[in-house]
Amino acid sequence: MLTINLIRENPEFVIERLGVKNFDAAAIVNNILTLDRRRRELQSQSDGIQSELNTLSKQIGLMMKNGEKDAAEKAKESVATMKEQQKSYIDELAATEEELKNEIVKLPNLPHASVAPGKTADDNVIVRSGGTVPVLHSDAAPHWDLIKKYDIIDFDLGIKLTGAGFPVYKGKGAKLQRALVNFFLDEGEKAGYREIEPPIMVNKDSGFGTGQLPDKEGQMYHATLDDFYMIPTAEVPVTNIYRDVILDGSELPVRNMAYTPCFRREAGSWGAHVRGLNRLHQFDKVEIVQIAHPDNSYEQLEEMVKHVEGLLVKLGLPYRILRLCGGDISFTSALTYDFEVFSAAQQRWLEVSSTSNFEAFQANRLKCRFKDKGDKQTRLCHTLNGSALALPRIVAAILENFQTPDGIIIPEVLRQYTRFDIID
RNA sequence: GGAGAGAUGGGUGAGUGGCUUAAACCAGCAGUUUGCUAAACUGCCGUAUGGGUAACUGUACCGGGGGUUCGAAUCCCCCUCUCUCCGCCA
């Protein structure tokens, strides 16, 4: 949610920047400005009456005490008239505020100056790439065949237990999964992130705080009996730690990370591009979250990008980093880097991380603020998050890229965690 | 799940309808004093929103939402959460 101050003070700038996201904001912005003027006018009028009422009430108290009954009764009558008038202001004020909020939430976040205009994923900018695509042997297979061959991940069993998209990891498959989680957490700790183990179900307030509710309700699993939602990402609980919190400026940036399972209903298409581990209802992920000072949040974003890139380098996977164009960047993000690894048997790039600066867009909803020493006013923090990393596609890439006729070779950095060096 | 007791500022905690402009203490910040520390003293010490260049000032907020009243932290109703005891339980 954009702040009303920004819209009020720089309406032209807001419209111009949203144009980069192919969003025509002119009509909405104009409507917002009108509603905002009306809202302030109404509040002034209502407050003015309230002020008079407060004074009058005190006077009535004194009159009663002094036994001036008639004067008190007369004053009560004028109170009634004033309250009636105030009610019409208050009713219109509430309606105006409601309408104003409904308009403001329609506006996406402003894209950062470095975001290129563009319509689709084809317009994303490749920032850099690294690693080398392996040359596979002649009967190399995609991961959905490999997992059967080595009996490490079982989709059919998942269907029996739950349904499609809930795989069962077995033996070395389960151990590889656990090794990756531990590797990511240990690397995160070295980079200064505090490990959090959050609830993986959240209440409605948390869903609203990070923006999953009300619009994306259908993407989350909902436990209706208790009105809890299964988290689609650890971003939800970990960022909501800072909902309604005022931090001291010296505490920033705050670096937290969490490993959690993630649950997504993904009511989307199914087909070849979502086969195997490419898209699931339940998957594991290590998420990094920062709460940053607005003055240096982009330095923090670069720090996060370097961290995620370091993980891919250490795993030895071929990767590329994309800066998303205006058309592909999410509603809430100001700047997003996507990380993709090349999965050699599928001959496809798979997204394994999306690392973003939301600036104050999310913080405004969360009411996550800070105060610098000496400042009177609180300011909104900037929030950032990124996957570091999402497991299934990393597993898919490891299986496909490191396959040999003798088995799948485990990356060097994982062997202290797996305690085996080949899946065969 | 049952019974009872509670929810007040960063913390402790007073406040049963107007004398509260939420006391007091602690913590914190600034200053005075001091060779330094400590102590003492003085002042400041919440959030949101409206008006104002600003100083300043109006309004709201005592878990959340309604209600009674000229006037509510205080009385009434609903909800949420916490604590104690009992039951159940990894």
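Since we're looking at a predicted model, the values are computed, not measured.
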Problem - Lys/Arg-Asp/Glu bridge criterion (N-O < 4.0 Å) met for A:K190, A:E187 - result: yes

Problem - A:D154 and A:K160 ion-paired at < 4.0 Å - result: no

Problem - Whole-Å P distance, B:G66 and B:C61 - result: 11 Å

Practice task
Determine the contact category for A:R8: base if any of its heavy atoms lies under 4.0 Å from a base atom, sugar-phosphate if only primed atoms, P, OP1 or OP2 are that close, otherwise nothing.
Solution key: sugar-phosphate

Problem - Closest-nucleotide 5' rank along RNA chain B - winner of A:V79 and A:K371 - result: A:K371

Practice task
Could you let me know what B:U82 is paired to, Watson-Crick or G-U wobble, both distances under 3.5 Å, or none if it's on its own?
Solution key: B:A5

Problem - Pairing partner of B:U53 (Watson-Crick or G-U wobble, both distances under 3.5 Å) - result: none

Handout entry: Any strand: nucleotide that pairs with B:C36 via Watson-Crick or wobble, under 3.5 Å
Key = none

Practice task
Before accepting this row, confirm whether a basic side-chain N of the pair A:D36/A:R40 lies closer than 4.0 Å to the acidic partner's carboxylate O.
Solution key: yes

Practice task
For the pair A:E98 and A:K101, find out whether any cationic side-chain nitrogen is under 4.0 Å from an anionic carboxylate oxygen.
Solution key: no

Problem - Inter-nucleotide P distance (B:G35, B:C44), Å rounded - result: 28 Å

Handout entry: Mate of B:C61 where both pairing distances stay under 3.5 Å, Watson-Crick or G-U
Key = B:G46

Handout entry: side-chain contact (heavy atoms from CB on, under 4.5 Å) evaluation trace for A:H382 with A:N296
Key = CA-CA 9 Å; A:H382 282 189; A:N296 60 21; over 6 Å; no

Problem - C1' atoms of B:A27 and B:C78, separation to the nearest Å - result: 38 Å

Problem - B:C25 versus B:A14 - spacing of their P atoms, nearest Å - result: 15 Å

Exercise for the section: Select base, sugar-phosphate, or nothing to describe what A:K74 touches, counting heavy atoms under 4.0 Å on all strands. Expected result: nothing

Practice task
Report yes or no: is the cationic atom of A:K175 (NZ for Lys, CZ for Arg) under 6.0 Å from the centre of the six-membered ring of A:F420, at an angle within 45° of the ring normal?
Solution key: no

Practice task
Give me the residues of residues 46-54 of chain A where at least one heavy atom lies under 4.0 Å from an atom of RNA chain B, by number, or none.
Solution key: A:D47, A:Q50, A:S51, A:N54

Problem - Heavy-atom side-chain contact between A:V352 and A:L317 under 4.5 Å - result: no

Handout entry: Atom C1', compared across B:G63 and B:U74: separation rounded to whole Å
Key = 16 Å

Exercise for the section: Tell me what A:I246 touches on the nucleic acid: a base, only sugar-phosphate, or nothing, going by heavy atoms under 4.0 Å. Expected result: sugar-phosphate

Problem - C1' atoms of B:A73 and B:A60, separation to the nearest Å - result: 14 Å

Practice task
Would you classify A:T378 as touching base, sugar-phosphate or nothing, given that sugar-phosphate means primed atoms plus P, OP1 and OP2, and contacts are heavy atoms under 4.0 Å?
Solution key: sugar-phosphate

Exercise for the section: Give me the first and last nucleotide of RNA chain B, going 5' to 3', that has any atom under 4.0 Å from a heavy atom of chain A. Expected result: B:G18 to B:G71

Practice task
Look through every strand shown and name the nucleotide pairing with B:U69 as Watson-Crick or G-U wobble, where both distances are under 3.5 Å.
Solution key: none

Handout entry: Main-chain N/O of A:L42 paired to A:S46 side chain as donor or acceptor, under 3.5 Å
Key = no

Handout entry: Salt bridge present between A:E41 and A:R38 (N-O < 4.0 angstrom)
Key = yes

Practice task
Report the base-pairing partner of B:G87 (Watson-Crick or G-U wobble, both distances below 3.5 angstrom), or none.
Solution key: none

Completion exercise
Of A:N5 and A:G61, the one whose nearest nucleotide on RNA chain B sits closer to the 5' end is A:G61

Completion exercise
Re B:C41: Watson-Crick or G-U wobble partner, both distances kept under 3.5 Å, found to be B:G31

Handout entry: Any-strand Watson-Crick or G-U partner of B:A14, both distances under 3.5 Å
Key = none

Handout entry: Whether A:Y221 and A:H281 hold their rings parallel, tilted or perpendicular, with breakpoints at 30° and 60°
Key = perpendicular

Handout entry: Partner residues of A:H293 under the side-chain hydrogen bond (donor to acceptor under 3.5 Å, both in side chains) criterion, sequence neighbours left out
Key = A:D372

Exercise for the section: Sticking with atom P, work out how far B:A23 lies from B:U16, rounded to a whole angstrom. Expected result: 15 Å

Exercise for the section: Rounded to whole angstrom, note down the P distance from B:G9 over to B:G15. Expected result: 16 Å

